*Asks:* 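Structure provided below as structure tokens; questions to follow.
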Amino acid sequence: MAAHPYAVILGMMGAGKTRVGKEVAHMLHLPFADADAEIEREVGMKIPAYFEKYGEPAFRDVEADVIADFLEDFDGIFSLGGGAPMTPSTQRELATYIERGGKVVYLDADPQEAMERANRGGGRPMLNGDANARWKKLYKQRDPVFHDVSNVHVHTRGLTPQGAAKKVIDMVSQRIVHVNGATIEPYDVAIGEGAMNRLVDVLGTKPRKIALIHTQPVQRHSDRVRALLRQGGYEVSDIVIPDAEPGKTITVANGIWERLGNEGFTRSDAVVGVGGGAATDLAGFVAATWMRGIRYVNCPTSLLAMVDASTGGKTGINTPQGKNLVGSFYTPAGVLADMTTLASLPNDIFIEGLGEVAKSGFIRDTEILHILEEHASELKNFNGQTFLGSPLEEVVAELIERTVKVKAYHVSSDLKEKGLREFLNYGHTLGHAIEKLEHFRWRHGNAVAVGMVYAAELANIMGLIDRDVVDYHRSLLSSLGLPTSWNGGSFEDVLALMHRDKKARGNELRFVVLDSIGHVVHLDNPPVEDVEEAFRRIQQ
Ligand SMILES: NC(=O)c1ccc[n+]([C@@H]2O[C@H](COP(=O)([O-])OP(=O)(O)OC[C@H]3O[C@@H](n4cnc5c(N)ncnc54)[C@H](O)[C@@H]3O)[C@@H](O)[C@H]2O)c1
Ligand SMILES: O=C(O)C(=O)C[C@@H](O)[C@H](O)[C@H](O)COP(=O)(O)O
């Protein structure tokens, strides 16, 4: 159900709720309502006069009624009076609104700026006497409540009303996937433009030092992250790692452990990983191993890292023997998939990410496949320079959200991959072997695409799916610009590598295959002739 109002804004006196709220409404072409103005209209007098005549409790009753009515009926931007969220019935109304999908924005201004603005306006009964001292006292009482009753936190220090409004719009329109489960600390994946602005909130106040791990091609995004971290008061160690798979090695990890040791990183400090899946895998691995585990936040910048690598807590490095053979299951404190970073993503790396998106459609959420079919040509022609603000951006945001939800479903109940989570490995048994045999010149998502066609051929040979399902794999993946065949190595080499796959048990191979579109099963120890016949079918 779509929630209304579009957003509710709360904050301290002088935070700019009305000014910024009006600006947000203007930018979105929505109506704006201010609870205080509505109360004055309702009671037919100015608030200071009403306070004087009837006292605060009577005012709060009227206020709560007006707010309840607007939360029910108003379809725009609604700003609340500073003290309104302190009323228990309003807190309950806000909680119900959030449950319906509503966004309650805590506009958190710099105290000095807010006090100046509050004093300038005058006519505020709650600031009678020493206004600054009163403001500070109220802030102490209200700030924790504002945090509790809101679900979007926007810092506005130093921003113009327009800048603050743009930030509010970005944060309200972000999609949030909650990841939780019996064995994991819950965390959120925030998806959308400006998601990185949440970084300081997600890191919290405990860390003092942050290891900012990133690659050179994403320098401009890591520069932004560094600026956010410095504004947040953290000491930042900038750590540039080799790009792509060469960054996922024990040598690189060891170099970072040395730096963390030399620079005095303690258990309360944190890691932030910025980049593609290789960088977030390595950053997570460093966080998981330093002092047996410190807090980390991923800021993925490739489609593949947003939908898959950064979100499920699989961290790791490669060894000379194969992909991801050393690592740990270690969940991040949060994932900030800031879609503005996709503006610099090259077309081939975007397309590669569609491989993992399609995987999530094949194994569970078939709506993903419909979206891919419908938008195949725009997706295949992705151009970062024209992407932001285009209709494709919403399509991609939906694909990311749906794919992350598929990942969250599997991870939530099986973090350590005892069974269910293995389904996320659809296409990876052959895919990882191809990557290795191609010395990682083949991109991961491309190898997985061929691996899915292979798994479909194997399932067909085993009588689990019809030929048209195999053909559908080929036609959908190729319509997105993904490869569907491979001829770069012998069956013997591939078989040896598939035996080193993490799903293998003893000498027995274990595959993930479909028995229908959207439904996966395990296939244990199939006859080697069938494994070979499927391989023959994916060769060009
Ligand atoms: N942990 C997991 O669950 C998981 C899941 C899927 C994949 N992975 C791993 O992720 C890796 C693949 O991730 P990937 O496809 O992102 O590859 P990648 O990390 O190698 O990134 C691909 C290239 O794109 C560049 N890049 C990334 N974002 C950019 C941007 N916004 N602008 C310009 N350039 C950008 C990178 O620097 C790199 O050169 C593999 O190592 C794979 O094993 C892990
Ligand atoms: O999250 C998972 O679990 C996955 O299997 C997701 C895969 O898409 C991903 O490529 C993962 O890195 C593979 O892990 P591995 O354990 O097979 O190395």
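Predicted model, so just to flag it, every value in this text is computed and none were measured. When a ligand or atom number is given, it counts from 1 through the structure's own listing order.
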*Asks:* Is it true that Lys314 lies under 4.0 Å from ligand 2, counting heavy atoms only?
*Replies:*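 Judged by the 4.0 Å heavy-atom criterion, Lys314 does count as contacting ligand 2.
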
*Asks:* Just distance, no hydrogens or angles: give the donor-acceptor pairs under 3.5 Å from side chains in residues 339-351, sequence neighbours left out.
*Replies:*
| unit_1 | atom_1 | unit_2 | atom_2 | d |
| --- | --- | --- | --- | --- |
| Thr340 | OG1 | Arg224 | NH1 | 3.3 |
| Thr340 | OG1 | Asp338 | OD1 | 2.7 |
| Thr341 | OG1 | Asp338 | O | 2.7 |
| Ser344 | OG | His221 | NE2 | 2.8 |
| Ser344 | OG | Thr341 | O | 3.2 |
| Asn347 | ND2 | Lys380 | O | 3.0 |
| Asn347 | ND2 | Phe382 | O | 3.0 |

*Asks:* Once side-chain contact (heavy atoms from CB on, under 4.5 Å) is applied, do any residues pair with Ile250, and if so which ones, sequence neighbours excluded?
*Replies:*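 side-chain contact (heavy atoms from CB on, under 4.5 Å) list for Ile250, sorted by chain: Trp257, Ile317.
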
*Asks:* Output yes when Glu457 and Arg467 qualify as a salt bridge under the 4.0 Å nitrogen-oxygen rule, no when they do not.
*Replies:*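 Yes, charged N to carboxylate O under 4.0 Å.
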
*Asks:* Does atom CZ of Arg505 have more than 12 heavy-atom neighbours from other groups under 6.0 Å away?
*Replies:*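 Yes - once you tally the heavy atoms of other residues, nucleotides and ligands closer than 6.0 Å, there are more than 12.
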
*Asks:* Mind listing the N or O contacts between ligand 1 and protein, cut-off under 3.5 Å?
*Replies:*
| unit_1 | atom_1 | unit_2 | atom_2 | d |
| --- | --- | --- | --- | --- |
| ligand 1 | 1 (N) | Asp281 | OD1 | 2.8 |
| ligand 1 | 1 (N) | Ala309 | O | 3.3 |
| ligand 1 | 1 (N) | Lys314 | O | 2.8 |
| ligand 1 | 3 (O) | Lys407 | NZ | 3.1 |
| ligand 1 | 13 (O) | Gly277 | N | 3.1 |
| ligand 1 | 15 (O) | Glu352 | OE1 | 2.8 |
| ligand 1 | 15 (O) | Glu352 | OE2 | 2.8 |
| ligand 1 | 16 (O) | Gly277 | N | 2.8 |
| ligand 1 | 16 (O) | Ser302 | OG | 2.6 |
| ligand 1 | 17 (O) | Arg443 | NH2 | 3.0 |
| ligand 1 | 19 (O) | Gly277 | N | 3.0 |
| ligand 1 | 19 (O) | Ala278 | N | 2.9 |
| ligand 1 | 20 (O) | Arg443 | NH2 | 3.1 |
| ligand 1 | 28 (N) | Thr301 | O | 3.3 |
| ligand 1 | 28 (N) | Thr301 | OG1 | 2.7 |
| ligand 1 | 31 (N) | Thr301 | O | 2.9 |
| ligand 1 | 31 (N) | Thr341 | O | 2.9 |
| ligand 1 | 31 (N) | Ser344 | OG | 3.4 |
| ligand 1 | 32 (N) | Ser344 | O | 3.1 |
| ligand 1 | 32 (N) | Ser344 | OG | 2.7 |
| ligand 1 | 37 (O) | Thr215 | OG1 | 3.4 |
| ligand 1 | 37 (O) | Asp243 | OD1 | 2.6 |
| ligand 1 | 39 (O) | Asp243 | OD1 | 3.2 |
| ligand 1 | 39 (O) | Asp243 | OD2 | 2.4 |
| ligand 1 | 41 (O) | Glu245 | OE1 | 3.4 |
| ligand 1 | 41 (O) | Glu245 | OE2 | 2.5 |
| ligand 1 | 41 (O) | Lys248 | NZ | 2.9 |
| ligand 1 | 41 (O) | Lys323 | NZ | 3.1 |
| ligand 1 | 43 (O) | Lys248 | NZ | 3.2 |
| ligand 1 | 43 (O) | Lys323 | NZ | 2.7 |

*Asks:* Would you mind checking which non-hydrogen protein atom is closest to atom 3 (O) of ligand 2, with the distance to 0.1 Å?
*Replies:*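 Closest protein heavy atom to atom 3 (O) of ligand 2: Arg421 NE, 2.7 Å.
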
*Asks:* So is His410 in contact with ligand 2, going by heavy-atom distances below 4.0 Å?
*Replies:*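 It does not; every heavy atom stays at 4.0 Å or beyond.
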
*Asks:* Does a salt bridge link Glu394 with Arg175, judged by any charged N lying under 4.0 Å from a carboxylate O?
*Replies:*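 Counted as a salt bridge, because a side-chain N and a carboxylate O are separated by less than 4.0 Å.
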
*Asks:* Less than 4.0 Å between a side-chain N and a carboxylate O, is that true for Glu422 and Arg510?
*Replies:*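 Result for this pair is yes, salt bridge flagged.
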
*Asks:* With the threshold set at 4.0 Å, does a side-chain nitrogen-carboxylate oxygen contact exist between Lys166 and Glu23?
*Replies:*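 No.
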
*Asks:* Got the closest protein heavy atom to atom 12 (O) of ligand 2, with its distance?
*Replies:*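 Result: Asn324 ND2, 3.5 Å.
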
*Asks:* For His444 and ligand 2, answer yes if some heavy atom of the residue is under 4.0 Å from a ligand atom, otherwise no.
*Replies:*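 For ligand 2, residue contact (heavy atoms, under 4.0 Å) with His444 is present.
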
*Asks:* Taking CD in Gln385 as the centre, count heavy atoms belonging to other residues, nucleotides or ligands within less than 6.0 Å. Is the count above 12?
*Replies:*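 No, CD of Gln385 has 12 or fewer neighbouring heavy atoms, counting only those of other groups under 6.0 Å.
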
*Asks:* Lys503: heavy atom below 4.0 Å from ligand 2, yes or no?
*Replies:*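 Contact check Lys503 vs ligand 2: negative.
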
*Asks:* Give me each pair satisfying side-chain hydrogen bond (donor to acceptor under 3.5 Å, both in side chains) with a member in residues 260-277, each pair once, sequence neighbours excluded.
*Replies:*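 Non-adjacent pairs meeting side-chain hydrogen bond (donor to acceptor under 3.5 Å, both in side chains): Ser237-Glu263, Arg259-Glu263, Thr266-Ser268, Thr266-Asp269.
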
*Asks:* Can you tell me which residue and heavy atom of the protein come closest to atom 5 (O) of ligand 2, and the distance to 0.1 Å?
*Replies:*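 Residue, atom and distance for the closest contact: Asn425 ND2, 2.8 Å.
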
